[in-house]
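Some notes on the structure that comes next.
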Amino acid sequence: MKKNILNLAIIVFIAFSSNNANAQYNTLWIPDTLSGTHFELTLKDTFAQFKTGNQTISAGVNNSKFWGPTLFFNKEDTVYMKVKNKLNDSTTLHWHGMHLPAVMDGGPHQVIPPGTIWQPYWKVTNNASTYWYHPHLHTMTQEQLTKGLGGFIIVRDQHESSLALPRSYGVDDIPLVLTSRRYNASNAFVTTKCSYGDYMLTNGTPNAQTDLPKQFVRLRILNAEMERAYNLGFSDNRTFYIIATDGGLVNTPVAVTKVILAVGERIEILVDLSNDAVGSSLDLEAYNSGFAIGFPGGEPGTTGEFGSLLNNTTFNLLHINVVAQTNNAIKSIPSTLANNTYWTAADATVSRTIKVTDGNPGPNSKPFSLDSQPFDLTQINNTVNLNTIEKWTITNNNVFGHTFHIHDVEFKIVSRSGSSVGNYEAGWKDVLYLPRNTSATFVAKFDDYSDSIHPFMYHCHFSNHEDGGMMGQFVVKSSTTGINKIEEELNDFSIYPNPSSEKIYIKFGSPLMQAYYIKINNSFGRTIYMLPRPQLQNGIDISNLSPGLYFLQLTDEKTKGTITKKFIVE
Ligand code: C2O
Ligand code: CU
């Protein structure tokens, strides 16, 4: 495994410094894939050659030097994750866009200490689309994202699979994660006082190029920047077709020549290469020149916290070489993609407003916040009743553009500053771009998952703003969770067999008890396993634990009371 990593590093280095005709380009890296229902993700520090000179300390998932494998989920499957934190720091892993229980969400409350394995699982109910996973540890998100931690999630479902769309991964269906980095003099990533990178990385590849076949090609594009938005387009200004937004297919393809993709947003597009000659080339570019201040990346400077070599310029994202058509090439676009029926403002029974606050320049400037309440892990900012359809209006009277992302749900944007919404963002969304001096209103239904302890987040997806406190949290409350008298008594449980070497089982003192959370700590107090809502019928596998004394802390589902028991691994 180690050898592989070194080889890859050498390949990137050679491509980067060779003298052939395409010397300025490197071959676009396509992330490996994992599929099925059981996934193991190991987060670890590594290093890679992004620039000539020193290697850069980076981080990746499984064998990657930057970023991680693409996870394929099938809608309706229950997926089981084993997340191992082999970093030197605590982290979390958030499943961006997934509808799941808050305790499985991987937000700032589900901290995974170094050395610990976290095992969330959930039933996939999202529509076929492009989602992603990334760290979400409060105040550390920018640093851990900058190092490269993250990956794509591609959900498939029966409906999307029945359409004639490109879906050969890496051939005519290409994932593109767009971000940029600034390097210091010794080639380390700059992570503080740095809103914008100076050098583009497309799938972690500097100056990326790829071969694409002479037919309709699908690009799944994610903006994984810190702040910069991309005004996407092709070098010959050709029309392309938006087929999906964050949370699924749009009803009919939307033809555009440019589209803005802000941080955290995903878009799936089809581009027609069938009229391009084999051997010709074109570029996917960011047409970011000419934007006023307020557009993220529109600032004029080239240095400092808000400057960048890429600011307010047009720059290349991917050089495309057209190659021969494949067998089974897609040669047309379905005229109908989906039959979504969306919530309307009239469906909402609760309305909320959230305001972008603070962040104004000046001697007493405070970091950006929402509703003047800097993020506080212990403060629940909003309580939503389970199954309610709500309308949220986000107002940005600030001089700067932001984004707004909410966990748990996909939403429908129903208006912008009181006016209608462009077709390019008319589908299901979980992030919206909020330009300066505008507001946006969305409607969402908060169904399926209530939890009185673990909240969901909403925040600006600029990681430096989020880390700085531009985030709030809400719990989804079930009206039927009156705890009755008998259940208030948290009954005992026992562990058997004890001692054990393979598996342990839990026997509850009362049939009303259910495990909400189990933590296994070693005798030094270090957490080894974190098991949200474990399914206990098959026992807990402890075969990887070395012999010794351990503590199992169980939190009861209804009372949320905890009891700790010792057990011995022999
Ligand atoms: Cu992509 Cu709260 O996150
Ligand atoms: Cu922001």
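First listed ligand is number 1; within each ligand, the first listed atom is number 1. No hydrogens, no waters, no symmetry mates; every other heavy atom, side chains included, goes into these values.
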Between His109 and His138, is a side-chain hydrogen bond (donor to acceptor under 3.5 Å, both in side chains) present by the stated rule, with each step listed?
-> CA-CA 9 Å; His109 291 264; His138 187 49; over 6 Å; no

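Here the angle centred on the Cu ion (ligand 2), running from SG of Cys460 over to ND1 of His402, is 130°, rounded to 10°.
Among protein atoms, those of element N, O or S found less than 2.8 Å away from atom 2 (Cu) of ligand 1 are His136 NE2, His407 NE2, His459 NE2.
The Cu ion (ligand 2) has no N, O or S atom of His461 under 2.8 Å away, backbone or side chain.
Because its NZ or CZ atom is not both nearer than 6.0 Å to the ring centre of Phe411 and within 45° of the ring axis, Lys429 does not count as a cation-pi partner of that residue. Taking the centre and axis of the six-membered ring of Phe189, the NZ or CZ atom of Arg181 falls inside the cone set by 45° and 6.0 Å.
Each of Asp105, Asn126, Asp408, Asp430 was scored for a side chain to side chain donor-acceptor pair (under 3.5 Å) with His99, with one residue passing: Asp408.
Among heteroatoms of the N, O or S kind in His465, ND1 lies nearest the Cu ion (ligand 2). Its N, O or S atom nearest to atom 1 (Cu) of ligand 1 is what matters here, and for His134 that atom is NE2.
Within 6.0 Å of atom NZ in Lys258, more than 12 heavy atoms from other residues, nucleotides or ligands are found, so the atom counts as buried in its surroundings.
With hydrogens and angles left out, the side-chain atoms of Arg266 and His96 include a donor and acceptor closer than 3.5 Å.
Aromatic ring centres of Tyr230 and Tyr287: separated by at least 6.0 Å. The distance between the ring centers of His407 and His459 falls below 6.0 angstrom.
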